[in-house]
Amino acid sequence: MLRRAVLQTFRQGLAQSFFKRNAVSLSETTVTHQPIETSDEADEKSVSKQKPGDESGNTVVVAPPEFRFMYPEFLPDPAMERRNRLKEKLERIDMLQRRSVVEIPEFYTGSVMAVTVADANSPNKFARFVGICIQRGGSGLRAWFILRNVVDKQGVEILYEMYCPLIQKIEVLRLERRLDESLLYLRDALPEYSTFPLDMEPERRLNNSVVPINPLKVKLRPRPWLERWERQNLQGVEDLNLPQRFYDKAEKVAKPWEKYDLMLQYRKTIPAEEQEKIFADVHSQLQQQEFKRKIRRRRGIDNEQ
Amino acid sequence: MLSIVFHKRRRLVRRLFFNHEQVRTMSRVKRRTTHPPYWHVLKNNQRQDEKISSDNLRFVREVIQDKYKNKSPIKGSDLDIEKKEWDPKTKRSGVIARNIGVQHMWEKDGKKVVCTVLHVLDNHVIRYVPPEEYAKSIIGAKVFRNRKPLGCLVVGAEAANPDRFTRQYCSLFNEVGLLPKKRLARFIVTPNAVLPPCTPLTAGHFVVGQAVDVYGKTIDYGFQGVVKRWGFKGGPASHGATKFHRRGGTIGTGRDKARVWPGQKMPGHMGSERRFCRGLKIVRINMKYNVIYVKGTVPGPTNSIVQIFDTLLPRRKFTEAPPHPTYFPPEDGTLPQEDIWDSNMHVFGSPSIPV
């Protein structure tokens, strides 16, 4: 079953995703560097990352471990009753086919993105929406993400299916991560935290190799809220300043034993051996696509010049 | 019967009477058994703790390999199929497949479509039962009680190690010389669509765009209450309701008949029943992996076996001849197209839909 060593790196990976706060001054929104590598560095690393050759002498190419955070939709739904290897393989082929046509960049919850969709009802037939990614989910061709923005003082959220053929372009304007995996609390936050200009330009990153984590602490509006945020152990929210009874009830209702529940984690995730196989499968194709895109981009720049 | 006596007044009086007659007859039909019919041979081996040495085990495996030597793929010209013409009244064979899951695909106008992925297993025709003989069998007599009898093709899928089956079950496959199959199915065929034994059936048997019927056994929910099983509304969640949240309530009037009618909806076993999904359209066929994508959902859970055959629905039947009696890959060495899509579907490798 699960190898111990791999399980440990697994849990490290999980811990990294629930990032612990650094000693950074809260008044400045400085970005900290974390060892989460982007696709560029990952590609360079992957060439060298080869398993020490097995008995046959052939080297096995293994995708870098960051792939499970960069492309989480390639992993199937862990529910065992509905898993089938052939179907997952066919779905992955279809996903890669779609990716060869449209660039679906690496993004995380907290990144600001712009999506252009073909829309019959809009004047120039394409609708472009800019927003911050507050949640992403689904697996395979059903993968989706939600973008949030405040337009004319009205909060707007749009759920996009990543592999829908109506999507013409997905751009990541600001690639960064936040302290939480789900930013649904932005619905109860002050509107300035969800407002992004619709004509925002893509930002160039200072350091291309790591994805920064924004340690921003968001201020919530006064209650009533849509959810009981005090029960959810949110890192990216300022002190809620609630009466003590809320925190007492939260403690009563909490399940502190779940973090020790190994089997629960096992059931929610795909085993490491399978993940390696899946990403090794997918890795070479993604690399090729990235390479072709780079060439096209360079040719495009040359042509312009 | 109430419905006949009052049929003239029915237009004036609103339908107050529930047709108990039909429900009563159907409630007595036994829909599930844990054992196969008595005329089936015993299938699975009673696993005995045979303390067999590794040498003997190896010998047994060699014997099995010799007996069921891998034959070369059968071509259309090898089998002596009498060239019979297709006509609209022909009934072709069906195919046994496994429901491997559900995938989302999109049409050319951007509309999302939920498609079920069906993996056609290694089907082979086991035997053909001619119409006269089939009409004399127990099932055949029931099926063809008032109509002209048709033939029956027995098709098997999913070859397995003969060790797990009994000798009587393996003897069913002796004539054909194939490894015994885990699953057998009967398909009603007209005599002009007969296939000789040992014919392989693949995903190419079907045509993209045609309508198929899929038979399967529904998901087994076990013993379920009245709310999930029959869609009752139950009782109020609050307002003082004492122990009455998911119960059925009244089960009879007391006046008329003064007893509970048979067929009264109550908690019980739900699911694991034979059902047909009719008229599902095939949107994509992958010839390399033998996989069919069908628009809609089929009865049964993921990884369950289903049977697929050409639809019975009169308006969705074939107008042109399909691969008759079945599909054989071309013998002149040209490879068939690997992935065939319906004209209405958006192919994933093609550019985004501009509208």
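Below, all heavy atoms of this structure are taken into account, side chains as well, without hydrogens, waters or symmetry copies. If you're wondering where the values come from, they're calculated on a predicted model, not measured in any experiment. Every chain is numbered from 1, with letters handed out A, B, ... down the list of sequences.
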Query raised in the report: Which distance, rounded to the nearest 0.5 Å, do you find between the OG1 of B:T311 and the CZ of B:R278?
Result: 7.0 Å
Report task. Please work out whether the ring planes of B:F348 and B:W106 are parallel, tilted or perpendicular, with thresholds of 30° and 60°. Result -> perpendicular
Report task. Kindly say whether B:V212 contributes a backbone atom to a donor-acceptor pair with the side chain of B:D310 at under 3.5 angstrom? Result -> no
Report task. Under 4.5 Å heavy-atom distance to chain A, tell me which part of B:V347 shows up: side chain, backbone, both or neither. Result -> neither
Query raised in the report: Where does B:K112 contact chain A at under 4.5 Å (heavy atoms): side chain, backbone, both or neither?
Result: side chain
Query raised in the report: Minimum heavy-atom separation for A:T109 to A:E181, with atom names?
Result: OG1-O, 3.1 Å
Query raised in the report: Of the backbone (N, CA, C, O) and the side chain (C-beta and beyond), which part of A:K89 lies under 4.5 Å from a heavy atom of chain B, both, or neither?
Result: side chain
Report summary line: Most contact-rich option vs chain B, by heavy-atom pairs under 4.5 angstrom, among A:D94, A:L166, A:L86, is A:D94
Query raised in the report: Do B:S350 and A:R98 have side-chain atoms, one donor and one acceptor, less than 3.5 Å apart?
Result: no
Query - Part of A:E161 lying under 4.5 Å from any heavy atom of chain B - result: side chain
**Report entry** Residue part contacting chain A, namely of B:H119, when any heavy atom lies under 4.5 Å
**Finding:** side chain
**Report entry** Contact winner vs chain B - A:L90, A:V102, A:I93, heavy-atom pairs under 4.5 Å
**Finding:** A:L90
Query raised in the report: Mind checking whether A:F74 and A:F279 have parallel, tilted or perpendicular rings, split at 30° and 60°?
Result: perpendicular
**Report entry** Which atoms of A:F126 approach chain B - backbone, side chain, both or neither, heavy atom under 4.5 Å
**Finding:** side chain
Query - Under 3.5 Å donor-acceptor, B:Q103 side chain and B:V117 backbone - result: no
Query raised in the report: Is it the backbone or the side chain of A:L96 that comes under 4.5 Å from a heavy atom of chain B, or both, or neither?
Result: neither
Query - Side chain, backbone, both or neither of A:R85 within contact of chain B (heavy atoms, under 4.5 Å) - result: neither
Query - Engaged part of B:D339 at the chain A interface, taking heavy atoms whose separation is under 4.5 Å - result: neither
Report summary line: From the list B:K182, B:R98, B:K181, B:R183, side-chain contact (heavy atoms from CB on, under 4.5 Å) partner of B:L121 resolves to B:R98
Query raised in the report: Can a cation-pi geometry be assigned to A:R136 and A:F145, taking NZ or CZ under 6.0 Å from the six-membered ring centre and within 45° of the ring axis?
Result: no
Report summary line: Ranked by heavy-atom pairs below 4.5 Å to chain B, first place among A:K125, A:E81, A:R142 goes to A:R142
**Report entry** Most contacts with chain A, counted as non-hydrogen pairs under 4.5 angstrom, among B:I353, B:V102, B:N286, B:V291
**Finding:** B:I353
